[in-house]
Amino acid sequence: MRYIPPVEDIDRVIAAAKADIKDYLWTIRDTMARVGEINRLTWDDVVFEGETGYVVLYTRKKGAAA
């Protein structure tokens, strides 16, 4: 079984991170996506609906929704 740190620990890491990577870390935390999935995102994968929105994540084969 893989170790999953408590949310509080993740939040502390984000708080201590440099300002230019905090949004990146928040995206990983809030989507629970793999780093590779986040790195492959494009603006076409971001959907805005009114005041909210969502991010479309894909499996390893781009195009197959996960």
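Values below: all heavy atoms of this structure, side chains included; hydrogens, waters and symmetry mates excluded.
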Open item on the list: If hydrophobic clusters are built by linking Ile, Leu, Val, Met, Phe, Trp and Tyr wherever their side-chain heavy atoms come under 4.5 Å apart, do I14 and V35 end up in the same one?
Closed with: yes
Sorted by chain and residue number, the side chain to side chain donor-acceptor pair (under 3.5 Å) partners of Y24 (sequence neighbours excluded) come out as N39
Residues passing the side chain to side chain donor-acceptor pair (under 3.5 Å) test with D20, sequence neighbours excluded, are none
With sequence neighbours left out, the residues meeting side-chain contact (heavy atoms from CB on, under 4.5 Å) with T27 are T31, I38
In this structure, CZ of R34 is separated from CZ of R40 (nearest 0.5 Å) by 9.0 Å
Rounding to 0.5 Å, atoms CD (E49) and OG1 (T52) come to a distance of 6.0 Å
Exercise. Under 4.5 Å between any side-chain heavy atoms of L41 and L57, yes or no?
Worked result: yes
4.5 Å side-chain heavy-atom contact, I10 and V13: no
Contacts satisfying side chain to side chain donor-acceptor pair (under 3.5 Å) that involve residues 6-18 (not counting sequence neighbours) are D9-R12, D11-R29
For D23, the salt bridge (charged side-chain N to carboxylate O under 4.0 Å, His left out) test, sequence neighbours excluded, returns none
Count the heavy atoms of every other residue, nucleotide or ligand shown that sit under 6.0 Å from CD1 of I4, and state whether that count exceeds 12. no
